[in-house]
2 protein chains.
Amino acid sequence: MNLSPKIENFVLHCGEMGSRWGFNRTIGQMVGLLVINEHPLTANQIAEALKISRGNVSMGIKELQSWQLVKVHHIPGDRKEYYAPNGTIWDLANKVFEERRKREIDPTLTLLRDQILDTANSPEEKYAQEQMQSIHDLLETVTKWSAELQRLTPEQLQSLMKLGSSVSKVIDLKDKLLKKS
Amino acid sequence: MNLSPKIENFVLHCGEMGSRWGFNRTIGQMVGLLVINEHPLTANQIAEALKISRGNVSMGIKELQSWQLVKVHHIPGDRKEYYAPNGTIWDLANKVFEERRKREIDPTLTLLRDQILDTANSPEEKYAQEQMQSIHDLLETVTKWSAELQRLTPEQLQSLMKLGSSVSKVIDLKDKLLKKS
DNA sequence: TTTAACTTTCAATAATTACTGAACGTTTAG
DNA sequence: CTAAACGTTCAGTAATTATTGAAAGTTAAA
């Protein structure tokens with residue numbers, strides 16, 4: 001398992017980015033490695049390619065499974081497990097978004113709702129509640145939107161993109177249509 | 001500077017979330033604190049409220065300024081600096097997105113483009129390039145979309161949301177319109 | 001110019017997070 | 001049943017990241 005410089009480059013970059021997307025460097029590299037390899041890899045191949053311990057691979061795979069980002073393959077007559085990305089790039093990105101929504105946005109919305117319903121007993125708390133309401137509304141909007149986007153295939157998205165660069169135009173379209181009907 | 005339990009709760013939560021949005025726990029708390037306070041705060045007030053050192057506040061503010069998330073106020077006859085959020089909630093969210101795009105997505109796009117243009121000298125590299133192309137396309141789409149969304153006011157967004165829950169419908173609308181004309 | 005009131009910096013250290021590798025668990029072939 | 005081939009766990013340790021606090025920098029009033 002020797003990576004070509006080009007591929008190694010990509011894998012290292014995934015490592016750097018991985019930490020920003022919710023997992024750590026090593027796990028980012030693992031995703032990168034699995035994604036640029038056409039065929040599933042064994043835990044030992046991963047350990048060797050990334051120069052990390054076997055135990056670390058096991059922990060990383062476990063974490064990736066909790067994100068639903070990898071699936072396991074088996075080859076008849078072979079006891080090893082072979083790991084591969086669980087879906088297309090688009091699927092993986094969706095899963096990361098979805099998981100982060102669950103872990104970050106949902107708990108925040110819950111907290112905000114609780115606080116907003118509670119009665120404010122000072123002007124400071126009143127202001128605080130107003131701000132929390134803004135955050136709440138923003139998060140809810142973003143959540144709904146991302147749910148919408150996730151339903152689209154990449155092709156539909158591309159098509160939407162080509163509409164003419166401006167979402168405002170979509171709004172205008174909507175308005176026109178609604179007036180006609 | 002004594003926080004009411006309700007407000008403290010929110011601030012602590014911002015701390016937890018802060019780390020996920022690109023900064024660390026303390027800096028997350030600082031943002032939370034500034035956002036739920038109607039009036040600008042001095043560095044000492046922040047240090048006292050969050051029970052951290054004065055030096056840490058200074059570093060945190062510096063970091064937040066690099067994200068363009070805080071602005072400085074001055075009161076005539078007072079040499080202290082007063083810090084406040086740099087815009088509405090929506091503005092702040094936009095700035096975070098924008099900054100993360102610059103720090104994460106743009107460098108990734110550059111790397112991917114380089115790799116894709118380079119000639120593949122093995123079937124593995126060929127496949128790798130195809131995958132990189134997918135990632136590239138996805139990131140570009142997401143980038144363009146977020147740029148579009150950022151142009152909208154929260155009100156426009158809300159309006160778009162109310163369109164009827166499904167973006168696919170917008171695409172259908174578009175198709176119908178284009179066929180008619 | 002001195003002093004007081006502030007801010008910034010950064011080396012030392014604390015806190016957190018990630019990794020290793022040995023021990024243990026499980027499955028299957030012989 | 002035993003050994004080999006694999007996967008998992010976790011205590012100990014390494015690496016990284018965050019924080020403190022003392023020293024140095026800045027500004028303005030006296």
Side-chain angles (χ1 to χ4, degrees), chain A residues 1 11-12 14-34 40-67 69-84 103-104, chain B residues 1 11-12 14-34 40-67 69-84 103-104:
Chain A
M1 208 56 210
V11 169
L12 293 179
C14 287
E16 299 313 314
M17 287 307 126
S19 50
R20 315 227 180 203
W21 282 85
F23 11 83
N24 66 33
R25 177 146 73 276
T26 300
I27 292 182
Q29 293 179 353
M30 289 178 58
V31 175
L33 186 63
L34 293 177
L41 299 177
T42 65
N44 276 326
Q45 286 176 310
I46 296 172
E48 200 191 337
L50 302 181
K51 300 186 175 63
I52 59 177
S53 74
R54 186 60 188 69
N56 200 2
V57 173
S58 180
M59 291 188 298
I61 291 288
K62 198 173 145 202
E63 172 79 0
L64 287 177
Q65 276 167 340
S66 87
W67 287 76
L69 294 176
V70 288
K71 64 182 170 195
V72 182
H73 272 257
H74 283 284
I75 299 186
D78 185 344
R79 288 174 49 196
K80 290 190 280 300
E81 305 203 308
Y82 289 79
Y83 303 103
R103 299 182 186 195
E104 299 166 29
Chain B
M1 208 54 211
V11 169
L12 292 179
C14 287
E16 300 312 315
M17 288 306 125
S19 50
R20 315 224 180 206
W21 282 84
F23 11 83
N24 66 34
R25 176 147 73 274
T26 300
I27 293 182
Q29 293 179 354
M30 290 178 56
V31 176
L33 186 63
L34 293 178
L41 299 177
T42 65
N44 276 328
Q45 288 176 309
I46 296 171
E48 199 191 340
L50 303 181
K51 301 186 175 62
I52 59 177
S53 74
R54 186 60 188 71
N56 200 0
V57 174
S58 181
M59 290 188 299
I61 291 289
K62 197 174 147 201
E63 173 78 1
L64 287 177
Q65 277 168 338
S66 87
W67 287 76
L69 294 176
V70 288
K71 64 182 171 195
V72 182
H73 272 256
H74 283 283
I75 299 186
D78 185 344
R79 288 174 50 197
K80 290 190 280 300
E81 304 204 307
Y82 289 79
Y83 303 103
R103 299 182 187 197
E104 299 165 31

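Proteins come first, then strands; the chains are lettered A, B, ... in the order of their sequence lines, and each starts at number 1. Please read all numbers here as calculations on a predicted model, not as lab measurements.
Residue B/Thr26 has a polar side-chain atom (N or O) positioned under 4.0 Å from OP1 or OP2 of D/dT19. OP1 or OP2 of D/dT9 lies within a sub-4.0 Å distance of a side-chain N or O belonging to A/Lys62. For the pair B/Arg25 and D/dA18, the criterion of a side-chain N or O lying under 4.0 Å from OP1 or OP2 is not met. Phosphate proximity of C/dA15 to B/Asn24: absent, as no side-chain N or O sits under 4.0 Å from OP1 or OP2. In terms of phosphate contacts, A/Arg54 brings a side-chain nitrogen or oxygen within less than 4.0 Å of OP1 or OP2 of D/dG7.
Listed nucleotides C/dA5, C/dC6, D/dT20 differ in distance to B/Met59; the shortest reach to its side chain belongs to D/dT20. Checking D/dT8, C/dT28, C/dC19 against the side-chain heavy atoms of A/Ser58 singles out D/dT8 as nearest.
Using a 4.0 Å heavy-atom criterion, one finds that A/Ile61 contacts no nucleic acid atom at all.
For B/His74 and D/dT27, the NE2 to P distance is 11 Å, given to the nearest whole Å. Atom CD1 of A/Ile46 and atom P of D/dC6 are 14 Å apart (whole Å). Look at CG on A/Leu41: it is 12 Å from P on D/dG7, rounded to the nearest Å. In this structure, NZ of B/Lys80 is placed 14 Å from C1' of D/dT27, rounded to the nearest angstrom. For B/Asp78 and C/dC6, the CG to P distance is 7 Å, given to the nearest whole Å. One atom, CD of B/Gln65, and another, C1' of C/dT7, lie 11 Å apart when rounded to the nearest Å. Separating the CD1 atom of A/Ile75 from the C1' atom of D/dA5 is a distance of 15 Å, rounded to the nearest angstrom. A straight line from CG of B/Leu64 to P of C/dT8 spans 12 Å, rounded to a whole angstrom.
Residues A/Trp67 and A/Trp21 share a closest heavy-atom pair of CH2-O, 4.0 Å. For A/Gly32 against A/Val11, the heavy-atom pair with the smallest separation is C-CG2, 4.3 Å.
Summarising the local packing, CZ of A/Arg20 is surrounded by more than 12 heavy atoms from other residues, nucleotides or ligands at distances under 6.0 Å.
Place B/Ala43 and A/Asn56 on DNA chain C by their nearest nucleotides, and B/Ala43 ends up nearer the 5' end.
The CE atom of A/Met59 lies 9.0 Å from the OG1 atom of A/Thr26; values are rounded to the nearest 0.5 Å. Distance check, rounded to the nearest 0.5 Å: OH of A/Tyr82 to NE2 of A/His74 gives 10.5 Å.
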